[in-house]
Trainee: 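Just dropping this structure here.
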Amino acid sequence: MTEKIYVFDTTLRDGEQSPGASMNTAEKLEIARQLVRLGVDVIEAGFPVSSPGDFESVRAIGDEVGDAVVVCALSRAVANDIEVAADALANAKRPRLHTGIGVSESHLRDKLHITGDEALERAVAAVKLARTFVEDVEFYAEDAGRAEPMFLYRVIEAVIAAGATVVNIPDTTGYAYPENFGALIGGLFDHVKGIEDVIVSVHCHNDLGMATANALAGVKAGARQIECTINGIGERAGNTATEEVVMAIRQRPDIFGADTSINTREITRTSRLVSNITGIVVQPNKAIVGANAFAHSSGIHQDGVLKERSTYEIIDPADVGVGGSSIVLSARSGRHALQHRLQELGFELVEEEFEPIYAAFLELADKKKEVYDEDLEALVGESERTVNDVYHLKAVQVVCGEPGIPTATVELVTQDGEHLIDSSHGTGPVDAVYKAINRLIDVPNELSEFSVKAVTRGIDALGEVTIRVTSADGRVFTGRGAHSDIIVASAKAYTNALNRLLTSQKPTITEEL
Ligand code: KIV
Ligand code: ZN
(Lines give C-alpha, C1' and ligand atoms only; values in the text may rest on other atoms or scores of the structure.)
(Ligands and ions follow the chains in the order given, each with its own letter.)
Protein backbone atom coordinates (compact mmCIF):
# COMPACT_ATOMS: atom_id res chain seq x y z
CA MET A 1 0.00 0.00 0.00
CA THR A 2 1.22 3.52 -0.80
CA GLU A 3 1.81 5.48 2.42
CA LYS A 4 0.84 9.14 2.52
CA ILE A 5 3.64 11.52 3.47
CA TYR A 6 2.37 14.84 4.81
CA VAL A 7 4.04 18.00 3.49
CA PHE A 8 4.42 20.65 6.21
CA ASP A 9 5.48 23.82 4.48
CA THR A 10 7.44 26.30 6.60
CA THR A 11 8.43 28.77 3.86
CA LEU A 12 6.50 31.50 5.67
CA ARG A 13 8.14 30.82 9.05
CA ASP A 14 11.56 29.11 8.83
CA GLY A 15 11.93 30.29 5.20
CA GLU A 16 11.28 33.84 6.27
CA GLN A 17 14.15 33.52 8.75
CA SER A 18 16.56 33.69 5.76
CA PRO A 19 18.42 37.00 6.00
CA GLY A 20 16.59 39.63 3.92
CA ALA A 21 13.57 37.42 3.19
CA SER A 22 11.08 39.16 5.42
CA MET A 23 7.65 39.43 3.82
CA ASN A 24 4.64 41.58 4.55
CA THR A 25 1.17 40.15 5.14
CA ALA A 26 0.00 40.68 1.54
CA GLU A 27 3.05 38.83 0.23
CA LYS A 28 2.57 35.98 2.70
CA LEU A 29 -1.06 35.67 1.69
CA GLU A 30 -0.08 35.43 -1.96
CA ILE A 31 2.36 32.63 -1.18
CA ALA A 32 -0.19 30.89 1.08
CA ARG A 33 -2.74 30.85 -1.78
CA GLN A 34 -0.14 29.30 -4.06
CA LEU A 35 0.81 26.72 -1.39
CA VAL A 36 -2.84 25.68 -1.31
CA ARG A 37 -2.78 25.26 -5.11
CA LEU A 38 0.42 23.25 -4.72
CA GLY A 39 -1.40 20.92 -2.33
CA VAL A 40 0.65 21.12 0.87
CA ASP A 41 -1.00 19.62 3.97
CA VAL A 42 0.17 22.16 6.54
CA ILE A 43 1.22 25.80 6.25
CA GLU A 44 3.34 27.07 9.11
CA ALA A 45 2.25 30.68 8.84
CA GLY A 46 4.49 32.36 11.41
CA PHE A 47 5.67 32.85 14.98
CA PRO A 48 2.94 35.15 16.35
CA VAL A 49 4.64 36.35 19.53
CA SER A 50 7.70 37.51 17.56
CA SER A 51 6.06 40.60 16.02
CA PRO A 52 2.68 42.19 15.31
CA GLY A 53 3.31 41.49 11.60
CA ASP A 54 3.72 37.75 12.23
CA PHE A 55 0.63 37.69 14.41
CA GLU A 56 -1.39 39.44 11.70
CA SER A 57 -0.09 37.10 8.97
CA VAL A 58 -1.06 33.96 10.90
CA ARG A 59 -4.51 35.37 11.50
CA ALA A 60 -4.97 36.51 7.88
CA ILE A 61 -3.80 33.17 6.47
CA GLY A 62 -6.15 31.32 8.83
CA ASP A 63 -9.03 33.47 7.53
CA GLU A 64 -7.99 33.06 3.91
CA VAL A 65 -7.38 29.33 3.47
CA GLY A 66 -10.47 28.01 5.27
CA ASP A 67 -10.35 24.25 5.69
CA ALA A 68 -8.12 23.62 2.66
CA VAL A 69 -5.02 23.07 4.81
CA VAL A 70 -3.93 22.97 8.44
CA VAL A 71 -2.62 26.38 9.56
CA CYS A 72 0.14 26.16 12.10
CA ALA A 73 1.64 28.77 14.44
CA LEU A 74 4.97 28.43 16.21
CA SER A 75 5.69 29.13 19.87
CA ARG A 76 8.40 28.36 22.36
CA ALA A 77 7.49 26.30 25.42
CA VAL A 78 6.51 29.56 27.13
CA ALA A 79 2.96 30.24 28.34
CA ASN A 80 2.70 33.71 26.79
CA ASP A 81 3.98 32.47 23.39
CA ILE A 82 1.38 29.71 23.41
CA GLU A 83 -1.46 32.04 24.40
CA VAL A 84 -0.54 34.56 21.68
CA ALA A 85 -0.22 31.77 19.07
CA ALA A 86 -3.62 30.40 20.10
CA ASP A 87 -5.10 33.89 19.77
CA ALA A 88 -3.65 34.26 16.25
CA LEU A 89 -5.17 30.88 15.32
CA ALA A 90 -8.56 31.65 16.86
CA ASN A 91 -10.42 31.88 13.52
CA ALA A 92 -8.51 29.15 11.69
CA LYS A 93 -10.68 26.22 10.63
CA ARG A 94 -7.91 23.64 11.10
CA PRO A 95 -5.47 25.15 13.63
CA ARG A 96 -2.27 23.51 14.83
CA LEU A 97 -0.06 24.87 17.58
CA HIS A 98 3.64 24.03 17.27
CA THR A 99 5.52 24.30 20.55
CA GLY A 100 8.82 22.96 21.78
CA ILE A 101 12.11 23.29 23.59
CA GLY A 102 15.80 22.45 23.15
CA VAL A 103 16.84 18.93 24.10
CA SER A 104 20.54 18.73 23.22
CA GLU A 105 23.28 19.08 25.83
CA SER A 106 24.35 22.30 24.09
CA HIS A 107 20.89 23.89 24.24
CA LEU A 108 20.20 22.77 27.82
CA ARG A 109 23.56 23.90 29.19
CA ASP A 110 24.49 26.92 27.06
CA LYS A 111 21.19 28.40 25.93
CA LEU A 112 18.44 27.47 28.37
CA HIS A 113 20.62 26.94 31.49
CA ILE A 114 18.33 24.18 32.76
CA THR A 115 18.60 20.47 33.44
CA GLY A 116 17.10 17.77 31.25
CA ASP A 117 14.37 17.14 33.82
CA GLU A 118 13.41 20.81 33.83
CA ALA A 119 13.22 20.82 30.02
CA LEU A 120 11.02 17.75 30.12
CA GLU A 121 8.72 19.40 32.67
CA ARG A 122 8.45 22.55 30.54
CA ALA A 123 7.77 20.47 27.42
CA VAL A 124 4.92 18.62 29.10
CA ALA A 125 3.43 21.82 30.57
CA ALA A 126 3.61 23.52 27.15
CA VAL A 127 1.83 20.68 25.37
CA LYS A 128 -0.85 20.52 28.07
CA LEU A 129 -1.42 24.28 27.86
CA ALA A 130 -1.52 24.17 24.04
CA ARG A 131 -4.10 21.37 24.19
CA THR A 132 -6.43 23.64 26.18
CA PHE A 133 -6.66 25.81 23.02
CA VAL A 134 -6.45 23.38 20.08
CA GLU A 135 -6.73 19.66 19.50
CA ASP A 136 -3.82 19.45 17.10
CA VAL A 137 -0.55 20.09 18.95
CA GLU A 138 2.86 19.47 17.43
CA PHE A 139 5.87 19.26 19.72
CA TYR A 140 9.39 20.05 18.44
CA ALA A 141 12.45 18.74 20.22
CA GLU A 142 14.89 21.44 19.16
CA ASP A 143 18.39 20.29 18.18
CA ALA A 144 17.30 16.64 18.37
CA GLY A 145 19.99 15.86 15.77
CA ARG A 146 22.65 16.45 18.45
CA ALA A 147 20.65 15.18 21.45
CA GLU A 148 21.36 12.09 23.50
CA PRO A 149 18.88 9.62 21.91
CA MET A 150 17.59 8.02 25.13
CA PHE A 151 16.85 11.48 26.62
CA LEU A 152 15.08 12.49 23.39
CA TYR A 153 12.91 9.37 23.56
CA ARG A 154 12.00 10.09 27.19
CA VAL A 155 10.86 13.63 26.26
CA ILE A 156 8.88 12.39 23.26
CA GLU A 157 7.12 9.72 25.31
CA ALA A 158 6.18 12.33 27.94
CA VAL A 159 4.78 14.85 25.42
CA ILE A 160 2.73 12.15 23.70
CA ALA A 161 1.25 11.24 27.09
CA ALA A 162 0.56 14.99 27.59
CA GLY A 163 -1.45 15.17 24.35
CA ALA A 164 0.91 15.90 21.43
CA THR A 165 -0.54 14.71 18.10
CA VAL A 166 2.60 15.23 16.02
CA VAL A 167 6.20 14.93 17.22
CA ASN A 168 8.82 16.84 15.28
CA ILE A 169 12.44 15.67 15.38
CA PRO A 170 14.49 18.59 14.02
CA ASP A 171 18.10 18.45 12.98
CA THR A 172 18.25 22.14 13.87
CA THR A 173 21.95 22.60 13.17
CA GLY A 174 22.24 20.38 10.08
CA TYR A 175 24.70 18.14 11.94
CA ALA A 176 23.19 14.72 11.20
CA TYR A 177 23.98 12.46 8.28
CA PRO A 178 21.43 10.14 6.71
CA GLU A 179 22.43 6.89 8.36
CA ASN A 180 22.46 8.23 11.92
CA PHE A 181 19.39 10.40 11.43
CA GLY A 182 17.47 7.40 10.07
CA ALA A 183 18.58 5.39 13.10
CA LEU A 184 17.47 8.18 15.46
CA ILE A 185 13.99 8.17 13.88
CA GLY A 186 13.84 4.36 13.79
CA GLY A 187 14.74 4.29 17.51
CA LEU A 188 11.55 6.20 18.33
CA PHE A 189 9.54 3.17 17.22
CA ASP A 190 11.59 0.87 19.46
CA HIS A 191 11.70 3.04 22.58
CA VAL A 192 8.70 5.36 22.76
CA LYS A 193 5.35 4.21 24.10
CA GLY A 194 2.43 5.64 22.10
CA ILE A 195 4.54 6.54 19.05
CA GLU A 196 2.21 4.61 16.72
CA ASP A 197 -0.66 6.96 17.72
CA VAL A 198 1.08 10.14 16.51
CA ILE A 199 2.68 11.44 13.33
CA VAL A 200 6.46 11.57 13.40
CA SER A 201 7.81 14.63 11.59
CA VAL A 202 11.31 15.50 10.37
CA HIS A 203 12.69 19.03 10.09
CA CYS A 204 16.22 19.13 8.69
CA HIS A 205 18.63 22.00 8.07
CA ASN A 206 21.17 22.09 5.28
CA ASP A 207 24.40 23.17 6.95
CA LEU A 208 26.28 20.21 5.45
CA GLY A 209 24.11 20.00 2.32
CA MET A 210 22.27 16.94 3.63
CA ALA A 211 18.83 18.28 4.55
CA THR A 212 17.03 16.42 1.76
CA ALA A 213 18.97 13.18 2.30
CA ASN A 214 18.35 13.32 6.06
CA ALA A 215 14.62 14.00 5.69
CA LEU A 216 14.31 11.07 3.27
CA ALA A 217 16.27 8.81 5.64
CA GLY A 218 13.73 9.81 8.28
CA VAL A 219 10.88 8.80 5.97
CA LYS A 220 12.54 5.44 5.29
CA ALA A 221 12.71 4.92 9.06
CA GLY A 222 9.00 5.68 9.63
CA ALA A 223 8.51 9.48 9.63
CA ARG A 224 5.21 10.48 8.00
CA GLN A 225 5.60 14.26 7.79
CA ILE A 226 8.38 16.32 6.22
CA GLU A 227 8.92 19.97 7.15
CA CYS A 228 10.31 21.84 4.19
CA THR A 229 10.49 25.14 2.34
CA ILE A 230 10.13 26.15 -1.29
CA ASN A 231 13.59 26.47 -2.90
CA GLY A 232 15.06 25.23 0.40
CA ILE A 233 15.21 28.73 1.89
CA GLY A 234 15.53 29.11 5.65
CA GLU A 235 17.76 29.84 8.60
CA ARG A 236 21.49 29.87 7.62
CA ALA A 237 22.01 27.29 4.80
CA GLY A 238 18.27 26.66 4.67
CA ASN A 239 15.87 23.75 5.10
CA THR A 240 14.93 20.63 3.20
CA ALA A 241 13.62 21.80 -0.20
CA THR A 242 9.96 20.87 -0.76
CA GLU A 243 10.43 20.26 -4.49
CA GLU A 244 13.36 17.90 -3.85
CA VAL A 245 11.72 15.61 -1.30
CA VAL A 246 8.42 15.56 -3.17
CA MET A 247 10.03 14.59 -6.47
CA ALA A 248 12.41 12.09 -4.83
CA ILE A 249 9.48 10.28 -3.23
CA ARG A 250 7.49 10.43 -6.46
CA GLN A 251 10.34 9.23 -8.69
CA ARG A 252 11.36 6.33 -6.44
CA PRO A 253 8.26 4.34 -5.38
CA ASP A 254 10.55 1.31 -5.33
CA ILE A 255 12.42 2.84 -2.40
CA PHE A 256 9.75 4.76 -0.48
CA GLY A 257 6.47 3.04 -1.34
CA ALA A 258 4.89 6.38 -0.51
CA ASP A 259 3.55 9.58 -2.08
CA THR A 260 2.46 13.10 -1.17
CA SER A 261 -0.64 15.09 -2.14
CA ILE A 262 1.43 17.66 -4.01
CA ASN A 263 0.30 18.77 -7.46
CA THR A 264 3.80 18.68 -8.90
CA ARG A 265 2.80 20.77 -11.93
CA GLU A 266 2.58 23.76 -9.57
CA ILE A 267 6.18 23.38 -8.37
CA THR A 268 7.90 25.74 -10.81
CA ARG A 269 5.30 28.47 -10.43
CA THR A 270 5.56 28.26 -6.65
CA SER A 271 9.34 28.39 -6.80
CA ARG A 272 9.30 31.52 -8.99
CA LEU A 273 6.73 33.24 -6.81
CA VAL A 274 8.76 32.64 -3.64
CA SER A 275 11.94 33.80 -5.35
CA ASN A 276 10.24 36.93 -6.70
CA ILE A 277 8.76 37.88 -3.36
CA THR A 278 11.75 37.12 -1.13
CA GLY A 279 14.39 38.33 -3.58
CA ILE A 280 16.33 35.09 -3.00
CA VAL A 281 17.55 34.01 -6.41
CA VAL A 282 17.45 30.28 -7.22
CA GLN A 283 20.87 28.99 -8.24
CA PRO A 284 20.77 27.84 -11.92
CA ASN A 285 21.88 24.29 -11.10
CA LYS A 286 19.36 23.85 -8.25
CA ALA A 287 17.62 20.47 -8.44
CA ILE A 288 14.12 20.53 -9.94
CA VAL A 289 13.63 24.34 -10.06
CA GLY A 290 17.00 25.73 -11.26
CA ALA A 291 17.10 27.32 -14.72
CA ASN A 292 19.43 24.55 -15.90
CA ALA A 293 17.53 21.64 -14.32
CA PHE A 294 16.21 20.57 -17.72
CA ALA A 295 18.83 22.17 -20.00
CA HIS A 296 21.12 19.96 -22.03
CA SER A 297 24.38 21.41 -23.17
CA SER A 298 26.77 18.75 -24.43
CA GLY A 299 26.32 17.34 -27.92
CA ILE A 300 26.19 13.76 -26.61
CA HIS A 301 23.38 14.58 -24.20
CA GLN A 302 21.48 16.63 -26.78
CA ASP A 303 21.68 13.74 -29.24
CA GLY A 304 20.39 11.31 -26.60
CA VAL A 305 17.55 13.56 -25.45
CA LEU A 306 16.45 14.22 -29.03
CA LYS A 307 16.25 10.46 -29.65
CA GLU A 308 14.49 9.71 -26.37
CA ARG A 309 14.02 12.25 -23.57
CA SER A 310 14.48 9.72 -20.77
CA THR A 311 18.07 8.94 -21.80
CA TYR A 312 19.24 11.97 -19.85
CA GLU A 313 16.13 13.15 -17.99
CA ILE A 314 14.59 11.28 -15.07
CA ILE A 315 11.77 13.81 -14.71
CA ASP A 316 9.45 15.00 -17.47
CA PRO A 317 9.73 18.83 -17.21
CA ALA A 318 5.95 19.09 -17.75
CA ASP A 319 5.45 17.15 -14.48
CA VAL A 320 6.93 20.06 -12.52
CA GLY A 321 5.25 22.76 -14.61
CA VAL A 322 8.12 23.65 -16.94
CA GLY A 323 7.26 24.48 -20.57
CA GLY A 324 4.06 23.63 -22.34
CA SER A 325 3.21 27.18 -23.42
CA SER A 326 2.26 27.63 -27.05
CA ILE A 327 1.04 31.22 -27.13
CA VAL A 328 3.77 33.64 -28.19
CA LEU A 329 3.11 37.02 -26.63
CA SER A 330 4.29 40.04 -28.61
CA ALA A 331 3.31 43.63 -29.36
CA ARG A 332 0.56 42.22 -31.59
CA SER A 333 -1.13 40.35 -28.71
CA GLY A 334 -4.34 41.79 -27.34
CA ARG A 335 -5.83 41.95 -23.86
CA HIS A 336 -7.44 38.53 -24.21
CA ALA A 337 -4.20 36.70 -24.95
CA LEU A 338 -2.44 38.43 -22.07
CA GLN A 339 -5.29 37.75 -19.65
CA HIS A 340 -5.35 34.09 -20.70
CA ARG A 341 -1.61 33.66 -20.17
CA LEU A 342 -1.69 35.45 -16.80
CA GLN A 343 -4.48 33.14 -15.66
CA GLU A 344 -2.47 30.12 -16.77
CA LEU A 345 0.39 31.46 -14.67
CA GLY A 346 -1.96 31.61 -11.67
CA PHE A 347 -2.54 35.38 -11.49
CA GLU A 348 -6.20 36.28 -10.83
CA LEU A 349 -6.32 40.01 -11.48
CA VAL A 350 -9.31 42.34 -11.25
CA GLU A 351 -9.70 44.97 -13.99
CA GLU A 352 -8.00 47.81 -12.11
CA GLU A 353 -4.99 45.55 -11.47
CA PHE A 354 -4.92 44.24 -15.03
CA GLU A 355 -4.97 47.55 -16.92
CA PRO A 356 -1.60 48.94 -15.65
CA ILE A 357 -0.02 45.54 -16.31
CA TYR A 358 -1.40 45.54 -19.84
CA ALA A 359 0.05 49.03 -20.39
CA ALA A 360 3.44 47.91 -19.03
CA PHE A 361 3.24 44.77 -21.18
CA LEU A 362 2.68 46.84 -24.35
CA GLU A 363 5.56 49.12 -23.45
CA LEU A 364 7.83 46.10 -22.97
CA ALA A 365 6.53 44.28 -26.05
CA ASP A 366 7.41 47.34 -28.14
CA LYS A 367 11.03 46.91 -27.07
CA LYS A 368 11.17 43.10 -27.38
CA LYS A 369 10.32 40.54 -30.05
CA GLU A 370 8.73 38.16 -27.59
CA VAL A 371 7.50 38.51 -24.03
CA TYR A 372 8.16 35.40 -21.92
CA ASP A 373 6.43 34.03 -18.84
CA GLU A 374 9.28 35.29 -16.68
CA ASP A 375 8.77 38.83 -18.06
CA LEU A 376 5.10 38.65 -17.08
CA GLU A 377 5.90 37.40 -13.59
CA ALA A 378 8.32 40.30 -13.17
CA LEU A 379 5.70 42.79 -14.40
CA VAL A 380 2.99 41.46 -12.08
CA GLY A 381 5.39 41.27 -9.12
CA GLU A 382 6.44 44.85 -9.83
CA SER A 383 2.89 46.20 -9.85
CA GLU A 384 2.01 44.30 -6.64
CA ARG A 385 5.06 45.67 -4.91
CA THR A 386 4.06 49.27 -5.67
CA VAL A 387 0.58 49.21 -4.11
CA ASN A 388 1.45 50.66 -0.70
CA ASP A 389 4.51 52.62 -1.67
CA VAL A 390 5.37 55.75 0.31
CA TYR A 391 7.36 57.00 -2.69
CA HIS A 392 6.73 56.13 -6.33
CA LEU A 393 9.52 56.45 -8.88
CA LYS A 394 8.21 58.71 -11.63
CA ALA A 395 11.30 59.41 -13.73
CA VAL A 396 15.01 58.81 -13.83
CA GLN A 397 17.52 60.29 -16.23
CA VAL A 398 21.27 59.75 -16.33
CA VAL A 399 24.19 61.21 -18.21
CA CYS A 400 27.31 59.09 -18.17
CA GLY A 401 30.23 57.96 -20.29
CA GLU A 402 33.96 58.37 -20.57
CA PRO A 403 35.15 61.08 -20.14
CA GLY A 404 32.35 62.67 -18.14
CA ILE A 405 30.85 62.94 -14.68
CA PRO A 406 28.01 60.44 -14.16
CA THR A 407 25.00 62.54 -13.18
CA ALA A 408 21.43 61.51 -12.39
CA THR A 409 18.15 63.35 -11.97
CA VAL A 410 15.33 61.54 -10.17
CA GLU A 411 11.65 62.42 -9.77
CA LEU A 412 9.61 60.76 -6.99
CA VAL A 413 5.94 61.17 -6.18
CA THR A 414 4.75 60.90 -2.57
CA GLN A 415 1.50 59.24 -1.46
CA ASP A 416 -0.03 62.76 -1.28
CA GLY A 417 0.85 63.41 -4.90
CA GLU A 418 3.75 65.78 -4.23
CA HIS A 419 6.46 65.67 -6.93
CA LEU A 420 10.05 65.74 -5.65
CA ILE A 421 13.00 66.26 -7.99
CA ASP A 422 16.73 66.29 -7.27
CA SER A 423 20.05 65.50 -8.95
CA SER A 424 23.43 64.21 -7.94
CA HIS A 425 26.68 63.04 -9.42
CA GLY A 426 28.39 59.78 -8.49
CA THR A 427 31.16 57.33 -9.31
CA GLY A 428 28.91 55.68 -11.90
CA PRO A 429 25.31 56.01 -13.11
CA VAL A 430 23.84 53.75 -10.41
CA ASP A 431 25.77 55.52 -7.66
CA ALA A 432 24.55 58.88 -9.02
CA VAL A 433 20.93 57.63 -9.06
CA TYR A 434 21.16 56.28 -5.49
CA LYS A 435 22.69 59.54 -4.25
CA ALA A 436 19.90 61.54 -5.92
CA ILE A 437 17.30 59.27 -4.25
CA ASN A 438 19.09 59.71 -0.90
CA ARG A 439 18.75 63.48 -1.26
CA LEU A 440 14.98 63.01 -1.64
CA ILE A 441 14.37 60.20 0.88
CA ASP A 442 16.49 60.99 3.87
CA VAL A 443 16.62 57.59 5.58
CA PRO A 444 19.95 56.27 6.91
CA ASN A 445 20.89 52.91 5.36
CA GLU A 446 23.79 51.01 3.94
CA LEU A 447 23.71 49.15 0.62
CA SER A 448 24.97 45.65 1.43
CA GLU A 449 24.24 43.75 -1.78
CA PHE A 450 23.54 44.59 -5.42
CA SER A 451 22.95 42.07 -8.19
CA VAL A 452 21.63 42.29 -11.75
CA LYS A 453 20.32 39.41 -13.79
CA ALA A 454 18.56 39.05 -17.11
CA VAL A 455 15.12 37.63 -16.41
CA THR A 456 14.68 36.49 -19.99
CA ARG A 457 16.76 35.50 -22.97
CA GLY A 458 18.31 37.73 -25.64
CA ILE A 459 19.85 41.19 -25.93
CA ASP A 460 16.43 42.77 -25.33
CA ALA A 461 16.03 40.90 -22.02
CA LEU A 462 14.31 42.41 -19.04
CA GLY A 463 16.95 43.19 -16.40
CA GLU A 464 16.09 42.52 -12.80
CA VAL A 465 18.01 44.21 -10.01
CA THR A 466 17.95 42.82 -6.48
CA ILE A 467 19.50 44.80 -3.66
CA ARG A 468 19.73 44.56 0.10
CA VAL A 469 19.98 47.57 2.39
CA THR A 470 20.68 47.56 6.11
CA SER A 471 18.81 50.10 8.24
CA ALA A 472 20.43 52.08 11.06
CA ASP A 473 19.08 49.51 13.58
CA GLY A 474 20.62 46.59 11.66
CA ARG A 475 17.56 45.18 9.87
CA VAL A 476 17.98 43.98 6.31
CA PHE A 477 15.48 44.88 3.55
CA THR A 478 15.34 43.49 0.04
CA GLY A 479 14.36 45.62 -2.93
CA ARG A 480 13.70 44.50 -6.46
CA GLY A 481 13.04 46.24 -9.74
CA ALA A 482 12.67 45.05 -13.32
CA HIS A 483 13.01 47.07 -16.52
CA SER A 484 14.65 46.72 -19.91
CA ASP A 485 16.96 49.61 -18.82
CA ILE A 486 19.04 48.37 -15.88
CA ILE A 487 19.61 51.88 -14.50
CA VAL A 488 15.84 52.30 -14.22
CA ALA A 489 15.61 48.78 -12.70
CA SER A 490 18.28 49.82 -10.17
CA ALA A 491 16.35 52.97 -9.24
CA LYS A 492 13.17 50.93 -8.84
CA ALA A 493 14.94 48.36 -6.65
CA TYR A 494 16.35 51.04 -4.35
CA THR A 495 13.01 52.85 -4.06
CA ASN A 496 11.34 49.48 -3.36
CA ALA A 497 13.82 48.68 -0.54
CA LEU A 498 13.41 52.12 1.05
CA ASN A 499 9.60 51.82 0.85
CA ARG A 500 9.83 48.48 2.68
CA LEU A 501 12.14 49.98 5.29
CA LEU A 502 9.82 52.95 5.82
CA THR A 503 6.67 50.80 6.20
CA SER A 504 8.17 47.95 8.22
CA GLN A 505 7.30 47.13 11.81
CA LYS A 506 10.05 46.37 14.27
CA PRO A 507 10.09 42.82 15.64
CA THR A 508 9.51 42.72 19.37
CA ILE A 509 11.46 39.48 19.87
CA THR A 510 14.77 39.12 18.09
CA GLU A 511 15.79 35.72 19.40
CA GLU A 512 16.60 33.30 16.58
CA LEU A 513 15.00 29.91 16.73
O1 KIV B 1 15.17 24.15 13.26
C2 KIV B 1 14.38 24.02 14.21
O3 KIV B 1 14.62 23.32 15.19
C4 KIV B 1 13.13 24.77 14.13
C5 KIV B 1 12.10 24.46 15.16
C6 KIV B 1 11.47 25.71 15.66
C7 KIV B 1 11.10 23.50 14.62
O8 KIV B 1 12.92 25.53 13.23
ZN1 ZN C 1 14.26 25.12 11.53
Side-chain angles (χ1 to χ4, degrees), residues 6-19 21 42-51 54 58 70-78 81-82 84-85 88 96-108 110-112 119 122-123 126-127 130 136-147 152 155-156 159 164-176 181 184-185 198-212 214-215 218 223 225-242 245 280 507 509-513:
Y6 294 93
V7 174
F8 174 115
D9 186 278
T10 183
T11 307
L12 299 177
R13 198 280 295 169
D14 212 320
E16 202 204 17
Q17 288 175 216
S18 311
V42 185
I43 293 178
E44 187 166 46
F47 177 24
V49 82
S50 68
S51 73
D54 252 40
V58 173
V70 172
V71 176
C72 180
L74 186 77
S75 73
R76 295 166 298 184
V78 171
D81 280 33
I82 295 169
V84 173
R96 177 181 296 175
L97 220 151
H98 191 187
T99 188
I101 194 163
V103 294
S104 67
E105 182 75 27
S106 155
H107 279 218
L108 295 172
D110 301 328
K111 177 177 127 164
L112 300 164
R122 279 199 205 173
V127 169
D136 191 4
V137 172
E138 174 167 339
F139 174 80
Y140 67 85
E142 197 180 8
D143 204 16
R146 290 192 297 171
L152 170 70
V155 173
I156 296 299
V159 296
T165 48
V166 182
V167 290
N168 174 14
I169 312 298
D171 180 27
T172 305
T173 52
Y175 176 74
F181 194 65
L184 187 71
I185 300 296
V198 299
I199 293 175
V200 174
S201 185
V202 285
H203 175 115
C204 299
H205 278 268
N206 207 28
D207 299 65
L208 291 172
M210 288 193 280
T212 295
N214 284 334
Q225 176 178 280
I226 302 180
E227 310 203 354
C228 42
T229 59
I230 304 299
N231 302 334
I233 63 172
E235 192 76 45
R236 306 182 309 281
N239 291 63
T240 300
T242 309
V245 280
I280 299 180
I509 288 195
T510 52
E511 186 196 356
E512 263 191 7
L513 279 160

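All values below come from the heavy atoms of this structure, side chains included, with hydrogens, waters and symmetry mates left out. Order of appearance sets the numbers: ligands from 1, and atoms from 1 within every ligand. Count residues from 1 along the sequence.
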Trainee: Only N/O/S atoms count here: what is the atom of Asp14 closest to the Zn ion (ligand 2) called?
Mentor: OD2
Trainee: Measure Thr172 to ligand 1 on non-hydrogen atoms and call it side chain, backbone, both or neither using the 4.0 Å cut-off.
Mentor: both
Trainee: Under a 4.5 Å cut-off applied to non-hydrogen side-chain atoms, are Gln225 and Glu138 in contact?
Mentor: yes
Trainee: Any atoms of ligand 1 less than 4.0 Å from a non-hydrogen atom of His205? List them with their elements.
Mentor: 1 (O)
Trainee: Does Glu227 have a heavy atom less than 4.0 Å from any atom of ligand 1?
Mentor: no
Trainee: Any side-chain heavy atom of Phe8 sitting closer than 4.5 Å to one from Cys228?
Mentor: no
Trainee: Do Lys111 and Glu142 meet the salt-bridge criterion of a basic N to acidic O distance under 4.0 Å?
Mentor: yes
Trainee: I need the atoms of ligand 1 closer than 4.0 Å to a non-hydrogen atom of Glu142, numbered in the order shown.
Mentor: 3 (O)
Trainee: Short list, please: which atoms of ligand 1 are under 4.0 Å from a heavy atom of Asn168?
Mentor: 7 (C)
Trainee: Heavy atoms, side chains only, cut-off 4.5 Å: are Leu184 and Leu152 in contact?
Mentor: yes
Trainee: What do you reckon, are the aromatic ring centroids of His98 and Tyr140 less than 6.0 Å apart?
Mentor: yes
Trainee: Can you check which of Arg13, Glu138, His107 brings a heavy atom nearest to atom 5 (C) of ligand 1?
Mentor: Arg13
Trainee: For Asn239, run the side-chain hydrogen bond (donor to acceptor under 3.5 Å, both in side chains) check against Thr212, Thr11, Thr229, Asp14 and tell me which one passes.
Mentor: Asp14
Trainee: Any N or O on Asp143 sitting closer than 3.5 Å to an N or O of ligand 1?
Mentor: no
